[in-house]
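Okay, structure first, notes after.
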Amino acid sequence: MSAHVIVLPGGGYVQYAEHEAEPVAEWLTGLGLGIEASVFRYPLGVRHPAPLEALRAEIRRLRAAGADRIGLVGFSAGGHLAGLAALAADGDVRSAVQFAVLGYAITSMETETYRPSRIVLLGEDASPELRRATSLDALVTPSAPPFFLWHTAEDPYVWPEHTYRLATALAAHDVPHTVHVYPHGPHSLGLAHGAGEASAWTRSAASWLAEQTAPATSPGRR
């Protein structure tokens with residue numbers, strides 16, 4: 001059984017945070033879990049659902065190339081996109097996601113925190129219905145795949161409220177998940193080398209990924 005993880009760097013849907021790209025893919029392939037990893041640079045500066053459709057096409061491409069289990073690792077805006085792909089089922093099993101790791105992700109388009117990304121993705125006058133339909137907590141169902149979430153309590157740009165909202169929805173629907181909120185650290189930590197307690201996220205995620213990619217793991221719940 002082969003597993004492929006797609007890395008989605010953050011950048012507010014207007015740029016790519018390069019330290020959240022190839023370095024993360026290299027970390028994943030170096031874990032010794034047999035994971036293949038690649039960075040996907042989704043379209044920037046475009047409206048929803050263009051980034052999501054592009055990611056779904058990449059997932060289908062990798063599945064056609066032989067990947068049995070596909071996971072996503074996303075940061076900030078990339079975490080929002082990862083969550084959309086994992087939760088907004090399109091009825092095509094080829095684009096299903098088996099697990100997702102979200103770092104300091106934007107999860108809600110209904111709050112005013114990190115408003116610039118919402119404007120880029122949805123526009124200044126997005127309807128309440130569209131904002132709700134692109135908020136991850138509103139998309140959770142009992143068939144959602146497992147999630148690993150991490151954040152820092154001090155994040156001044158994407159408040160930890162975003163992770164709490166999604167975690168609450170996952171818990172309410174009995175979806176397997178793990179949550180780590182570290183007391184200190186800015187936004188956009190990436191692998192968080194030398195960032196104190198927050199640097200532990202990679203060790204915790206590595207153990208969690210080992211469970212998700214183990215040969216005995218059952219097929220995705222989607």
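Position 1 is the first residue of the sequence, and the numbers go up from there. Values in this document were obtained by computation on a predicted structure and should not be read as measured data.
Here the closest non-hydrogen pair linking Ile70 and Ile6 is CG2-CD1, 4.1 Å. Summarising the geometry of Pro43 relative to Ala54, their closest heavy-atom pair is CD-CB, 3.6 Å, with the distance given to 0.1 Å. Contact detail for Arg131 and Thr111: the closest heavy-atom pair is NH2-O, 3.6 Å. Minimum interatomic distance between Ala195 and Leu189 (heavy atoms only, all atoms of both residues): CB-CD2, 4.0 Å. Nearest heavy-atom pair across His177 and Ala167 is NE2-O, 3.9 Å. Here the closest non-hydrogen pair linking Ala85 and Ile59 is CB-CD1, 4.4 Å.
Checked for salt-bridge contact, Arg63 and Asp92 miss the test: no charged N lies under 4.0 Å from a carboxylate O.
Between Tyr104 and Phe75, the ring planes are tilted. Angles from 30° to 60° get that label.
To the nearest 0.5 angstrom, His173 atom NE2 is 9.5 Å from Ser143 atom OG. Here the straight-line distance linking atom CG of Leu102 with atom CG of Leu149 works out to 5.5 Å at 0.5 Å rounding. Between atom CG of residue Leu209 and atom CG of residue Leu33 there is a gap of 7.0 Å, rounded to the nearest 0.5 Å. Summarising the geometry, atom CG belonging to Asp90 is positioned 7.5 Å from atom CG belonging to Leu52; distances are rounded to the nearest 0.5 Å. Atoms CD1 and CG, from Ile119 and Asp125 in turn, are 9.5 Å apart once rounded to the nearest 0.5 Å. Expressed to the nearest 0.5 Å, how far CE of Met109 lies from OG of Ser135 amounts to 7.0 Å.
Counting only residues at least two apart or in different chains, salt bridge (Lys or Arg N to Asp or Glu O under 4.0 Å) contacts with residues 20-37 comprise Glu22-Arg41. The salt bridge (Lys or Arg N to Asp or Glu O under 4.0 Å) contacts involving residues 175-195 comprise nothing, where partners must be two or more places apart or lie in separate chains.
Every residue meeting the ring pair (Phe, Tyr, Trp, His ring centres under 6.0 Å) condition with Tyr16, not counting sequence neighbours, appears here in chain and number order: Tyr42. For Ser204, the side chain to side chain contact (heavy atoms under 4.5 Å, CB included) test picks out Phe148, His180, Tyr182, with sequence neighbours left out. Applying the salt bridge (Lys or Arg N to Asp or Glu O under 4.0 Å) criterion to Glu129, with sequence neighbours excluded, gives no partner residue. Applying the side chain to side chain donor-acceptor pair (under 3.5 Å) criterion to Thr163, with sequence neighbours excluded, gives His151.
Asp68 places a side-chain N or O within 3.5 Å of a backbone atom of Ser2 that can act as its donor or acceptor partner. With hydrogens and angles ignored, the 3.5 Å screen pairs a side-chain donor or acceptor of Trp201 with a backbone N or O of Gly190.
Residues Ile35 and Trp27 fall within the same hydrophobic cluster, defined by Ile, Leu, Val, Met, Phe, Trp and Tyr side chains chained together at heavy-atom separations under 4.5 Å. By the rule that hydrophobic residues join a cluster once side-chain heavy atoms approach within less than 4.5 Å of another member, Ile106 and Leu81 end up as members of one cluster. A single hydrophobic cluster is not seen to contain both Val5 and Phe147; linkage of ILVMFWY side chains at heavy-atom distances under 4.5 Å, directly or through other members, places them apart. Hydrophobic clustering of Ile, Leu, Val, Met, Phe, Trp and Tyr side chains at less than 4.5 Å, counting indirect connections, keeps Phe99 apart from Leu87. Under the 4.5 Å side-chain heavy-atom criterion for grouping Ile, Leu, Val, Met, Phe, Trp and Tyr, Val181 is connected to Leu136 within one hydrophobic cluster.
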*Quick one: do Val73 and Val24 satisfy side-chain contact (heavy atoms from CB on, under 4.5 Å)? Show the steps, please.*
CA-CA 9 Å; Val73 173; Val24 178; 4.2 Å; yes

*Worked check of side-chain contact (heavy atoms from CB on, under 4.5 Å) between Leu139 and Leu84*: CA-CA 8 Å; Leu139 299 173; Leu84 282 179; 3.6 Å; yes

*Let me see the working for Leu28 and His4 under side-chain contact (heavy atoms from CB on, under 4.5 Å), right down to the final yes or no.*
CA-CA 10 Å; Leu28 288 164; His4 193 110; over 6 Å; no

_I'd like to know whether His19 forms a side-chain contact (heavy atoms from CB on, under 4.5 Å) with Ser188, so could you lay out the CA-CA distance, the side-chain angles of the two residues, the decisive distance to 0.1 Å, and finally the verdict._
CA-CA 9 Å; His19 67 290; Ser188 196; 3.2 Å; yes

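By the 4.5 Å heavy-atom criterion applied to side chains, Trp159 and Tyr164 are not counted as neighbours. Here the side chains of Val7 and Val39 are in contact, with some heavy-atom distance below 4.5 Å. Between Val46 and Tyr13, the closest side-chain pair of non-hydrogen atoms is not below 4.5 Å. Contact of the Val175 side chain with the Pro146 side chain is not registered, since no non-hydrogen atoms from C-beta on lie closer than 4.5 Å. In this structure, Glu124 and Arg115 have side chains that are in contact, with non-hydrogen atoms separated by less than 4.5 Å. Gln212 has its side chain out of reach of Val101: every pair of non-hydrogen atoms, C-beta onward, lies at least 4.5 Å apart.
With 3.5 Å as the limit, one finds no donor-acceptor pair spanning the side chains of His80 and Ser108. In this structure, a donor-acceptor pair under 3.5 Å is present between the side chains of Ser76 and His187. Side chains of His184 and Thr152: no donor on one and acceptor on the other come within 3.5 Å.
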